[in-house]
Amino acid sequence: MKLTFKPLAGLMLAATLVGAPLGATALAQEAAPAPAAAPAEAAPAPAAAPAEATPAPAAAAPTIEDKMDKGDNAWMLTSALLVLLMILPGLALFYGGLVRSKNMLSVMMQVSTVALIGFVAWFLWGYSFAFTDGGSWDKFVGGLGRVFLKDVTPASNVATFSTGVVIPELTFIAFQSTFAAITAALVVGSLVERMKFAAIVAFAVLWPLLSYYPMAHMVWWWPGPNAIALAPTDPVKSGLLWGFGALDFAGGTVVHINAGIAALVGALILGKRQGYGKEPMPPHSLTLTLVGAGLLWVGWFGFNAGSNLESNGYASLAMVNTFIATAGAGLSWVLVEWITRKKPSALGLASGIVAGLVAVTPAAGFAGPMGALILGLVVSPICIVFCSVVKNAFKYDDSLDAFGIHGIGGIVGAIGTGLVVNPLWGGAGVVDYTSCGKDGDLSTCDSAVYDMGVQLMAQIKAVGVTVLWSAIASAIVFFVIKLVIGLRASPEAEEEGLDISEHGERAYHS
């Protein structure tokens, strides 16, 4: 079956540093035109020489000429800024409004500082560990080839998902930096109102090293479409989860399950807030929380639609899916509350919006709009169960439901992607790059065969690896911090509020 639009194969955001060598080969070929053919009658063909005397010249290796479109680059630069809006001020306001007023500034400081450290670390070493060849460790983590952005210039490019189409490497690095920054910041939601600022800083440095960079590499690292199109029979070198055939368009495993499991592990090791379960701890400003939720939704269009790496119909598909899944999840959460508690809440509306965004993230470029709507409608009731029934039963203090929404919503979305990608159900399917042309036109590519059982198993395996990896890595990080500098603020500081005790400031003055 021929495709009329581009279903992304493998996983989103994969990049390979093939632009320069492939481009150089193509230019060399263009620089030397073929000699004119001599008329046949001008000279008789010479007698054939013995084969060993004049061996036939080797055939030139096939190449693909890389092209960069200014529209793609402009869209990716814009998307990076949209994701930044998700973090500052979006996530900071969303989390800040959910805590008590005495901790408002501390939460905003924690989210902001974790993000700042995330940006700096990404440019120094994170990008290299996530998106370069890791040699013998390549299934799990990248290497040192781009540490301190070595050899990165305005002229270096990375692959997108179309053969022969590239974007500037600096653009890709900037876009990916926002993912690294927000993932660690999401974990803060389970740690608020009781974790020392120094411990938060240590977490922001250590956790990505053990969890985020390896997960990003395992899910999104592959050789790019050029390499597969040019050598369709060669084994594909890739990250572990990519090799499973797992689909993750914009970070269901890398970002949300990874952060959600870390949030749960951190909450268990850190312990409950003083008075948790005994005294009310309502959000101090649902107004700010709703403002933050709105900013998250706006920024998420860069998160999902930007993950296509190109400004084409698949960016439009991801944008439509981000609209409809989020709206469906917000309505679903409100309706469930309305039915079960008789009163729909603003907190539920905000939570549903975020749950929908989380669930559609891995499926954004694979699902059809109706499939995305189903994901949104389904995810909210499941998250409600984990944010209330399960949390109350096990009595863990996931303060702002980072695990209940991001972890559980990410699992629902990651597994659901294996279903909604089905072309028979309106999904986009995946592309068979071995059948592609070399001109960037994916309408010439065949659709890969979809097998529901195989795809679901790939998704489940990816979820399982992510849960296990994040749990172990997070436990190591939290226990190391606990042993070296301690995790908890003092009981007096917690009682007074971390705004004053940790930062000497107040969010509000009466």
Side-chain angles (χ1 to χ4, degrees), residues 8 10-15 79-80 83 86-87 91 114-115 118 121-122 126-132 134 138-142 172-173 175-187 207-222 238-263 300 302-304 306-309 318 357-366 402-403 405-418 458-474:
L8 303 181
L11 305 165
M12 84 94 197
L13 295 184
S79 294
V83 184
M86 290 173 62
I87 313 169
L91 185 64
V114 169
W122 180 257
Y127 172 64
S128 190
F129 292 155
F131 287 106
T132 66
D138 194 51
K139 288 290 183 186
F140 304 100
V141 71
F172 181 76
I173 292 170
F175 179 67
Q176 279 291 339
S177 72
T178 61
F179 280 64
I182 197 171
T183 303
L186 290 172
V187 183
W207 184 77
L209 284 168
L210 270 66
S211 197
Y212 182 80
Y213 307 145
M215 283 307 312
H217 185 87
M218 285 189 275
V219 173
W220 291 332
W221 170 250
W222 67 308
S238 67
L240 181 67
L241 273 62
W242 196 99
F244 291 164
L247 305 174
D248 188 348
F249 191 80
T253 51
V254 179
V255 176
H256 297 295
I257 299 176
N258 197 11
I261 297 300
W300 222 289
F303 201 84
N304 284 354
S307 292
N308 188 57
L309 302 185
L357 291 168
V358 170
V360 78
T361 291
F366 296 115
F403 168 69
I405 293 178
H406 292 278
I408 298 303
I411 290 171
V412 170
I415 295 176
T417 299
Q459 300 302 116
I460 292 169
K461 286 168 61 179
V463 168
V465 170
T466 305
V467 169
L468 187 62
W469 188 285
S470 179
I472 294 172
S474 301

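We're numbering straight along the sequence, starting at 1.
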| task | Please list, chain by chain and in numerical order, all residues satisfying ring pair (Phe, Tyr, Trp, His ring centres under 6.0 Å) with Trp207, sequence neighbours excluded. | result |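 Only Phe203 meet the ring pair (Phe, Tyr, Trp, His ring centres under 6.0 Å) criterion with Trp207.
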Roughly how far apart are [X] [atom1] and [Y] [atom2], rounded to 0.5 Å?
| X | Y | atom1 | atom2 | answer |
| --- | --- | --- | --- | --- |
| Ser79 | Leu309 | OG | CG | 9.0 Å |
| Ser238 | Lys139 | OG | NZ | 4.5 Å |
| Ile261 | Ile472 | CD1 | CD1 | 11.5 Å |
| Gln176 | Tyr127 | CD | OH | 9.0 Å |
| Met86 | Leu91 | CE | CG | 8.0 Å |

| query | With sequence neighbours excluded, what pairs up with Leu210 under the side chain to side chain contact (heavy atoms under 4.5 Å, CB included) test? | reply |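 In terms of side chain to side chain contact (heavy atoms under 4.5 Å, CB included), with neighbours along the sequence ignored, Leu210 is linked to Ala473, Ile476, Val477.
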Kindly indicate whether the side chain of [X], heavy atoms from C-beta on, has any atom under 4.5 Å from the side chain of [Y].
| X | Y | value |
| --- | --- | --- |
| Trp220 | Phe131 | yes |
| Leu357 | Phe303 | no |
| His406 | Val187 | no |

Which heavy atom in [X] sits nearest to a heavy atom in [Y], and how many Å separate them?
| X | Y | value |
| --- | --- | --- |
| Gly409 | Val358 | C-CG1, 3.5 Å |
| Thr183 | Ala259 | O-CB, 3.6 Å |
| Ile173 | Trp122 | O-NE1, 3.1 Å |
| Trp469 | Pro214 | CZ2-CB, 3.6 Å |
| Asp138 | Thr132 | OD1-O, 3.9 Å |
| Ala80 | Thr178 | O-CG2, 3.5 Å |

| task | For the residue pair Thr361 and Trp300, confirm or rule out a side-chain donor-acceptor distance under 3.5 Å. | result |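 Checked: Thr361/Trp300 side chains pair up, N/O donor to acceptor below 3.5 Å.
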With a 3.5 Å distance limit and no angle check, can you tell me whether [X] reaches the backbone of [Y] through a side-chain donor-acceptor pair?
| X | Y | value |
| --- | --- | --- |
| His217 | Ala130 | yes |
| Ser474 | Ala471 | no |
| Gln459 | Ala414 | yes |

| Do the ring planes of Tyr213 and Phe129 sit parallel (below 30°), tilted (30 to 60°) or perpendicular (above 60°)? |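 If you compare the ring of Tyr213 with that of Phe129, the planes turn out tilted.
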| message | Just checking Tyr212 against Phe179, ring centres under 6.0 Å apart? | response |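 Centroid separation for Tyr212 and Phe179: 6.0 Å or greater.
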| Of Asn258, Asp248, Thr466, Thr417, which meets side chain to side chain donor-acceptor pair (under 3.5 Å) against Thr253? |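 Exactly one pass, corresponding to Asp248.
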